[in-house]
Amino acid sequence: MTLLKVYNVSKSFGGLMAVNDVNFEVSEGTVMGLIGPNGAGKTTVFNLITGNYKPDSGEIIFSGKNITGLSPNKIVKLGIARTFQTIRLFQNRSVLENVLAGCHCRMRAGVLACMFQPGWQKQEEHQAVKNAFQELRFVGLEKEVNNQAKNLSYGNQRLLEIARALATRPKLLILDEPAGGMNEQETQALVRLIDQIKKRGITILLIEHDMSLVMKICEKIVVLEHGTKIAEGTAEQIKADPQVIEAYLGWEEDD
């Protein structure tokens, strides 16, 4: 079943066409990669899906609903969560508070309820803390709950971003270069974590420059160049595609 459909989507900035008539579908329960050289338009596509940008043309359909041009907060509530290429955490807040920020999009309490704290609001807050602890345990950061985010190692900050995204209870998790800056050990742990996320029934779409990681975990890969899709297929198909070899991967044809 198709969970996400990007249909003829284009986006330009001034005279620069960042994304040009891009089409692809993400099937429910899969891990799909979006790759290409720097400046290919990958992060722009992510920003269009998550509502950070509005496309000039085309449609984005998620779980049967047209989400084109919706605001990021509405898209999160519908079930799309993301991490960022550049880490975006509340650096001076605790690890637990960072994950609670993800939980709050599923909470009913408004300003008045938080001020007067009726019983149902306290119960809701208690459940949010419990859910946050569960996600921190899931990514292996349960011992860091009271530490400030800025004190975590780079790799653990990446994991904290993933925990915060998971706290929104997504159907689709979008990861923008999650292995960026990680060492080999951290990258292998990330591969295992992505597999565990998939086993929870969460679909994953990721940008990643670590090609060994992409080829290992992605059932399908879409390749962009200069904002245009040039290839789509399995890892083996992408490896063998002459356009991809020339544009991005740098493999010799006789390898």
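In terms of heavy-atom proximity, Met32 sits nearest to Val26 at SD-CG2, 3.6 Å. Between Leu160 and Leu141, the shortest heavy-atom contact is N-CD1, 3.6 Å. Between Ala163 and Val139, the closest heavy-atom pair is CB-CG2, 3.9 Å. A pairwise comparison of heavy atoms in Asp56 and Ser12 identifies OD2-N, 2.7 Å as the closest pair. Contact record, Pro55 with Val9: CB-CG1, 4.0 Å, taken as the closest heavy-atom pair. Of all heavy-atom pairs between Asn98 and Ala149, the closest is ND2-CB, 3.7 Å.
Taking OG1 of Thr228 as the start and CE of Met17 as the end, the distance is 8.5 Å to the nearest 0.5 Å. The CZ atom of Arg164 lies 13.0 Å from the CD atom of Glu135; values are rounded to the nearest 0.5 Å. Expressed to the nearest 0.5 Å, how far NE2 of His209 lies from CG of Asn38 amounts to 4.5 Å. Annotation: the span from Ile61 atom CD1 to Thr68 atom OG1 amounts to 5.5 Å, rounded to 0.5 Å. How far CG of Asp241 is from CD1 of Ile245: 7.0 Å, rounded to the nearest 0.5 Å. The CD1 atom of Ile217 sits 11.0 Å away from atom OG1 of Thr30, with the distance rounded to the nearest 0.5 Å.
A donor-acceptor distance shorter than 3.5 angstrom exists from the side chain of Glu186 to the backbone of Asn183, with no hydrogens or angles considered. For Lys42 (side chain) and Leu224 (main-chain N/O), no donor-acceptor pair under 3.5 Å exists by modelled atom type. Side-chain atoms of Glu161 come within 3.5 Å of backbone N or O of Arg88 as a donor-acceptor pair. At distances below 3.5 Å, at least one donor-acceptor pair connects side-chain atoms of Gln157 with backbone N or O atoms of Leu152. Counting only distance, with no hydrogens or angles, the side chain of Lys54 and the backbone of Ser71 share no donor-acceptor pair below 3.5 Å. Judged purely by atom type and a 3.5 angstrom limit, Gln91 uses its side chain to pair as donor or acceptor with the backbone of Lys150. Of the possible donor and acceptor atoms, none in the side chain of Glu177 sits under 3.5 Å from a partner among the backbone N and O of Ile207. The main-chain N or O of Asn8 is found under 3.5 Å from a side-chain atom of Asn23 such that the two form a donor-acceptor pair. Not one N or O on the side chain of Asn52 forms a donor-acceptor pair closer than 3.5 Å with the backbone of Leu48. Checking side-chain atoms of Thr203 against main-chain N and O of Gly29 turns up a donor-acceptor pair under 3.5 Å.
Contact of the Asn20 side chain with the Ser10 side chain is registered, since non-hydrogen atoms from C-beta on lie closer than 4.5 Å. Using a 4.5 Å cut-off on side-chain heavy atoms (C-beta onward), Leu34 and Phe46 make contact. Looking only at side-chain heavy atoms (C-beta outward), Val214 and Ile238 stay at 4.5 Å or farther from each other. In this structure, Glu246 and Glu225 have side chains that are not in contact, with every pair of non-hydrogen atoms separated by 4.5 Å or more. Counting heavy atoms from C-beta outward, Leu166 and Ile202 have side chains that approach closer than 4.5 Å. In this structure, the side chains of Val45 and Val222 stay at 4.5 Å or more apart for every pair of heavy atoms.
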Run the side chain to side chain contact (heavy atoms under 4.5 Å, CB included) check on Leu206 and Cys218 step by step: do they pass?
CA-CA 9 Å; Leu206 79 153; Cys218 294; 3.6 Å; yes
Between Phe62 and Ile49, is a side chain to side chain contact (heavy atoms under 4.5 Å, CB included) present by the stated rule, with each step listed?
CA-CA 9 Å; Phe62 175 69; Ile49 294 170; over 6 Å; no
Does Val95 form a side chain to side chain contact (heavy atoms under 4.5 Å, CB included) with Asn156? I'd like the steps, not just the answer.
CA-CA 10 Å; Val95 165; Asn156 281 346; over 6 Å; no
Evaluation steps, side chain to side chain contact (heavy atoms under 4.5 Å, CB included), between Met211 and Lys239
CA-CA 10 Å; Met211 293 311 302; Lys239 280 184 187 179; over 6 Å; no
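Residues Tyr53 and Phe24 are members of one and the same hydrophobic cluster, defined by side-chain heavy-atom contacts under 4.5 angstrom among Ile, Leu, Val, Met, Phe, Trp and Tyr. Hydrophobic cluster membership is shared by Leu89 and Leu175, with clusters built from Ile, Leu, Val, Met, Phe, Trp and Tyr side chains linked at under 4.5 angstrom. Tracing side-chain contacts under 4.5 Å through hydrophobic residues (I, L, V, M, F, W, Y), one never reaches Leu96 starting from Phe90; they form parts of separate clusters. Taking hydrophobic clusters as Ile, Leu, Val, Met, Phe, Trp and Tyr residues chained together by side-chain heavy-atom distances below 4.5 Å, Ile221 shares a cluster with Ile230. Hydrophobic cluster membership is shared by Leu159 and Val191, with clusters built from Ile, Leu, Val, Met, Phe, Trp and Tyr side chains linked at under 4.5 angstrom.
Legend: residues meeting salt bridge (charged side-chain N to carboxylate O under 4.0 Å, His left out) with Glu184, ordered by chain and number and at least two apart, are absent. Asp195 is linked by a side chain to side chain contact (heavy atoms under 4.5 Å, CB included) to Lys199, counting only residues two or more places apart in sequence or in another chain. Residues passing the salt bridge (charged side-chain N to carboxylate O under 4.0 Å, His left out) test with Glu144: none are found, sequence neighbours excluded. Annotation: side chain to side chain contact (heavy atoms under 4.5 Å, CB included) contacts of Lys198 (sequence neighbours excluded): Val31, Glu219. Evaluation of the side chain to side chain contact (heavy atoms under 4.5 Å, CB included) rule for Lys130 yields Gln127, Gln134 as partners, not counting sequence neighbours. Contacts of Ser63 classified as side chain to side chain contact (heavy atoms under 4.5 Å, CB included), with partners at least two apart in sequence or in another chain: Leu3, Lys171.
Under 4.0 Å is where a charged nitrogen must lie from a carboxylate oxygen, and between Glu232 and Lys220 at least one such pair does.
Counting non-hydrogen atoms of neighbouring residues, nucleotides and ligands closer than 6.0 angstrom, the CZ atom of Phe138 exceeds 12 such neighbours.
Under a cutoff of 6.0 Å and an axis angle of 45°, Lys11 and Phe13 form a cation-pi pair.
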